[in-house]
Amino acid sequence: MRAYLPEYELKPAASLTEALTLLSDEPGVWKPFAGGTDLMVLFEAGKLLHKKFVNIWNLPELRGIEVTPEFVTLGALTTYTDVQANEVLQQEFPMLCQAASETGGLAIQNRGTLGGNIANASPAGDSPPALLVYDAELELVSTQGSRFVPYNGFHTGYKQMRMREDELIKSIHLPRVSKPLLHYYRKVGTRKAQAISKICFAAVTQVDASEIKEIRIALGSVAPTVIRCSRTEDVLRNRKVNAETISAARLELAREISPIDDIRSTARYRLRVAQNVLEDFLTSLN
Amino acid sequence: MQTIGRPVPRKEGRDKVTGQARYVDDLIFPEMLYGATVRSAVARGRIKKISFEGNIPWDEFTIVTAKDIPGENCVALILLDQPYLADEFINHPEEPILLLAHPDKHLLEEARRNVQLEIEPLPAIFTLEDSLNRKEIIWGEDNLFKSYKVEKGNVDEVWQSADFIIEGEYETGAQEQLYIENNGVIAIASPEDGVTVWGSMQCPYYVHKALLKLFGLPEDKIRVVQVETGGGFGGKEEYPSMIAGHAALLSWKSGRPVKIVYDRAEDMASTTKRHPSWTKHRTAVSRDGKLLGMEIDFVIDGGAYATLSAVVLSRGTIHAAGPYSCPNVRIKSRAVATNAPPHGEERFAESNKTSRQKKGMGFASFMHGAGFTGSGEKYLESVVGAEATADGRVRILAASTEIGQGTNTIFAQIAAEALRLDYDSIEVAKPDTGAVPNSGPTVASRTCMIVGKLVESAVLGLKQTLSGSGLLKENYTQEDFRQACRSYIEQHGALKSYSKYKAPPGINWDDEKYEGDAYGAYAWAVYVAEVTIDTVTYEARVDDFVAVQEVGKVIHPILAAGQIEGGVAQAIGYTLFENVVWKDGRMINNQMTNYIIPTAADIPPIRVFFEENPYAYGPAGAKGIGELPMDGAAPAILNAIENATGASINHIPLMPESLIEALGGESG
Ligand SMILES: Cc1cc2nc3c(=O)[nH]c(=O)nc-3n(C[C@H](O)[C@H](O)[C@H](O)COP(=O)(O)OP(=O)(O)OC[C@H]3O[C@@H](n4cnc5c(N)ncnc54)[C@H](O)[C@@H]3O)c2cc1C
């Protein structure tokens, strides 16, 4: 372990109010610690710059999955194991379940949370593309009350997001949809388990008389944040899937994403595979 | 009862399964300090200044530099080129410069971050090409650690008459061994009592030899004890000499026991890896399928210091022409220097045209020599002992290490079989240079065939002594044997027998000409791989794998099959997953997150078959199998990929990023 332990503090919060008070009394000094599966990796490597954390793991206010006729609401502490076990999610939001099942291994799935995955703001997170295409909304809370923000646009740059230092993610809202949608999710990570995505692709669509009606596409690991590919969606909307449509979509996708070379892969590979996966998805509609 | 060929329980299995086994990091000595290594971070340069910064109680620390070394500042192996601590010049980015020790291991890390090194950089080289072209001379006069030449027939004459000439260049990458337990040691050292080291290692006597020079002490003042070791794969062959020396230097100066255990990041970045290589083959073939001639140029990247590159190069040179009969051969091989940490030990589809999944099958036939190459075994002069214990059991005395592969178990089986005793009446002593003779390093697929044979003759020596002194009759029972041992010990004090290596008759090697029998015996194999290429992602999966090998008598069927399965899995990683990312001589993906080894989900069923053709000079007819499975998977997989896609690929690791380039990229 490379971190210098005495410099760190992990404070348990007895209630949500206590946690929020701490965050607002000393803005920027305290940060939430949920499952710790991202934070502990940095800590072990001696790269965790922030030193003071408030442990939110035991707050019941941030836990649980609630289903109403309009929404499924997931507490920020919902783990990947919780996600996979929920029947409504399995039926209506299968890509979130698939993302959860392909995240880490069992230990990580038991401990890692959706709130942590979102706030960690990695462009390579596996749930965010699914959340984006399901039109998720986030509920943020602080001592001043709560507000809802659309997840699309929440991430504003690499590791930057529309959340104040005194705020916590309380829950994630997924609007339920009654019409039948087609879901397509693909994580490309070279090995089958315990992989960080080189590309992560999620799409939902509604096809009517072989014409694409509704379509939402999101990609991870191809830009500084996970992104909704709305221009590619525009190219595809109200079109029949044929060779011409596919090549137009491939072209537009290439303009919309900005992959880079890094320790895990290359920009060229990411671009071409993102296009190939898009094509595979479109071909699967016929 | 017969024990050879039966899956007896592992000797140390119960301790491992129940958590009783103690590894270095489980051991805590009274008053013990923790040690850490400060490394250069610059690939090549000259140390200008070292300063101790930060809010650190430096006076509480033991600090060791090259100036504190009592003997010679070099890791004694084949050549004496590698220092324990850089004194002035730095030759690779993980070069140790300074050592720190403190009772609080967290403060130790904080202190390590606060040592500031001022290093004047010198131009460095990182590729085989730059080294061969002598862009900079960074080692000796020509960057050349070692070169060999093998000549047979007259290869220059074959090209004109050949019906076909096949040429190719082949590249392989570095590979991290990724044993589960990182490198670690504990040392106690003082001028009065000498040096004792407990550590995770493959070769206790290598460490012993290195410490002799480092401290300038007599042999009996240095003691090296192997503790339970969590895997080695060649990665704990020479590196333990380095870390053991470091811990011992800190203990020598502080007067207290010192433990150094690397974390994964340090272990991956700074310890030895498999040598990257480049090979050029030119082969002449006749229309009726005969090999007429082969010309081979083979180069390996040894990193900054010679370490064992000469040994690796020698084995590579001899295996370069493969298991084929060919009248005219020329092999030229070189091991060269680069400014990286030293490297250590360690090949039709019509329906595929439209599918996104392309399938193919490929095979490879190959061999692997058992034992040290050439005259290696003759120079090693390995010795194994056997002694009777007071209660009439037999104890094997050898420095060959149990590193998960089953040394203890097969030694006991060999001894039990030779003496016609129960497996349980044989013990295997812990490798401790203070108590066991030097049976040589645990490498080179030599432990079963070479050392196992010495075990067999050493225990037979016990029997001869007992029979000769009239204590043991011809047809004895287990109890007769015990009684005979007890009586002998009562009369004479102790009963021991030693056996020393002698080359089997007819095995001769010429070091000068590089000619003769390089190995006493070879294991032979044919491996077959079936692969699927996904043309959406360009990921290649091995769907099925068959490994057939002839290894002489199989001593322990489960251990032997496990060795093959593990080796094939490691080789699949080597071929399709494991890519060391280098930047200025430094591994930058030194975490398991980004250095991708295959998981169980990525490994196909591995179907293992043995053919047994007993070898007259191996114990009960056994040969060696340790390294064999590493050799065949890469060619079999690349051939399968060629079969699936039509693309002939000559480099590994073959990551999807490079397969997509080779195949042109678009899906479909
Ligand atoms: C071995 C391993 C494998 C992994 N595999 C994957 C994978 O396949 N795919 C993947 O996407 N991720 C993976 N991860 C990363 C990690 O597990 C996930 O990102 C996880 O969801 C993080 O959740 P957590 O609760 O553990 O976050 P923590 O580590 O507790 O926190 C992460 C960040 O989020 C902040 N935070 C946490 N909760 C809140 C909240 N409610 N409100 C505001 N801020 C908050 C914290 O302050 C911190 O900055 C892996 C990690 C490991 C160690």
Side-chain angles (χ1 to χ4, degrees), chain A residues 1-8 37-38 41-47 101-102 104-105 108 122 124 184 186-201 243 246-247 250 259 261-284, chain B residues 36 54-56 104-114 261 263-266 356 534-541 572-573 576-583 587-603 653 655-661 663-668:
Chain A
M1 185 180 70
R2 299 197 177 183
Y4 184 43
L5 197 56
E7 286 189 348
Y8 290 87
T37 59
D38 276 311
V41 173
L42 293 172
F43 180 76
E44 160 70 26
K47 290 179 183 157
S101 76
E102 293 185 31
I108 294 296
S122 160
Y184 178 105
R186 182 122 191 212
K187 168 175 176 173
V188 181
T190 300
R191 71 178 158 197
K192 285 187 182 154
Q194 294 286 19
I196 299 191
S197 291
K198 293 176 174 180
I199 288 280
C200 182
F201 180 101
I246 290 175
S247 89
R250 286 183 70 113
D261 288 343
D262 67 8
I263 200 168
R264 282 189 278 278
S265 190
T266 63
R268 273 172 76 90
Y269 178 79
R270 287 183 161 121
L271 172 62
R272 290 156 98 175
V273 172
Q275 291 177 310
N276 290 352
V277 174
L278 174 67
E279 177 167 341
D280 192 52
F281 154 63
L282 293 172
T283 321
S284 75
Chain B
N55 187 19
I56 304 289
D104 176 349
K105 59 179 168 187
H106 304 303
L107 187 60
L108 183 68
E109 274 303 327
E110 189 69 354
R112 166 150 69 174
R113 275 190 284 270
N114 280 288
V261 175
D263 66 8
R264 185 64 68 184
E266 182 168 17
R356 286 175 193 281
D534 181 329
T535 56
V536 174
T537 62
Y538 288 85
E539 291 164 326
R541 305 267 177 226
I572 290 174
L576 295 175
F577 294 87
E578 300 182 35
N579 186 31
V580 175
V581 182
W582 298 102
K583 188 165 184 250
M587 178 184 192
I588 54 168
N589 57 339
N590 58 330
Q591 321 106 350
M592 291 173 75
T593 324
N594 291 324
Y595 178 74
I596 303 200
I597 62 167
T599 67
D602 301 295
I603 297 295
M655 304 303 285
E657 284 77 2
S658 98
L659 189 56
I660 200 171
E661 298 295 334
L663 296 182
E666 308 283 280
S667 61

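In what follows, chains carry the letters A, B, and so on, assigned in the order in which the sequence lines appear, proteins first and then strands, with residues in each chain numbered from 1.
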Problem - Backbone of A/Arg2 reached by a side-chain donor or acceptor of B/Arg113 within 3.5 Å - result: yes

Problem - B/Asp602 side chain to A/Lys192 backbone, donor-acceptor under 3.5 Å - result: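 Looks like yes, one N/O pair under 3.5 Å.
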
Let's test your reading of the structure: which of [options] forms the most heavy-atom pairs below 4.5 Å with chain A?
options: B/Asp104, B/Leu107, B/Asp534; result: B/Leu107
options: B/Ile596, B/Val581, B/Leu108, B/Ile588; result: B/Ile596
options: B/Lys583, B/Arg264, B/His106, B/Gln591; result: B/His106
options: B/Met655, B/Glu109, B/Met592; result: B/Glu109

Hey, could you give me the [atom1]/[atom2] distance between [X] and [Y], rounded to the nearest 0.5 Å?
X: A/Leu5; Y: B/Glu110; atom1: CG; atom2: CD; value: 11.0 Å
X: B/Asn114; Y: A/Tyr4; atom1: CG; atom2: OH; value: 10.5 Å
X: A/Arg191; Y: B/Ile603; atom1: CZ; atom2: CD1; value: 11.5 Å

Do [X] and [Y] have side chains that get closer than 4.5 Å, going by heavy atoms?
X: A/Met1; Y: B/Asp263; value: no
X: B/Pro656; Y: A/Lys198; value: yes
X: B/Thr537; Y: A/Tyr269; value: yes

Of the backbone (N, CA, C, O) and the side chain (C-beta and beyond), which part of [X] lies under 4.5 Å from a heavy atom of chain B, both, or neither?
X: A/Arg270; result: neither
X: A/Ala274; result: neither
X: A/Ile196; result: side chain

Problem - Test: A/Arg272 and B/Glu661 ion pair at under 4.0 Å - result: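 A salt bridge links A/Arg272 with B/Glu661.
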
Exercise for the section: Among A/Arg268, A/Glu44, A/Glu7, single out the residue with the greatest number of heavy-atom pairs under 4.5 Å to chain B. Expected result: A/Arg268

Practice task
For A/Thr190 and B/Glu539, work out which heavy atoms get closest and say how close.
Solution key: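 What the structure gives for the nearest pair is N-OE2, 2.9 Å.
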
Completion exercise
Cut-off 4.5 Å, heavy atoms of chain A, and the answer for B/Asn579 is neither

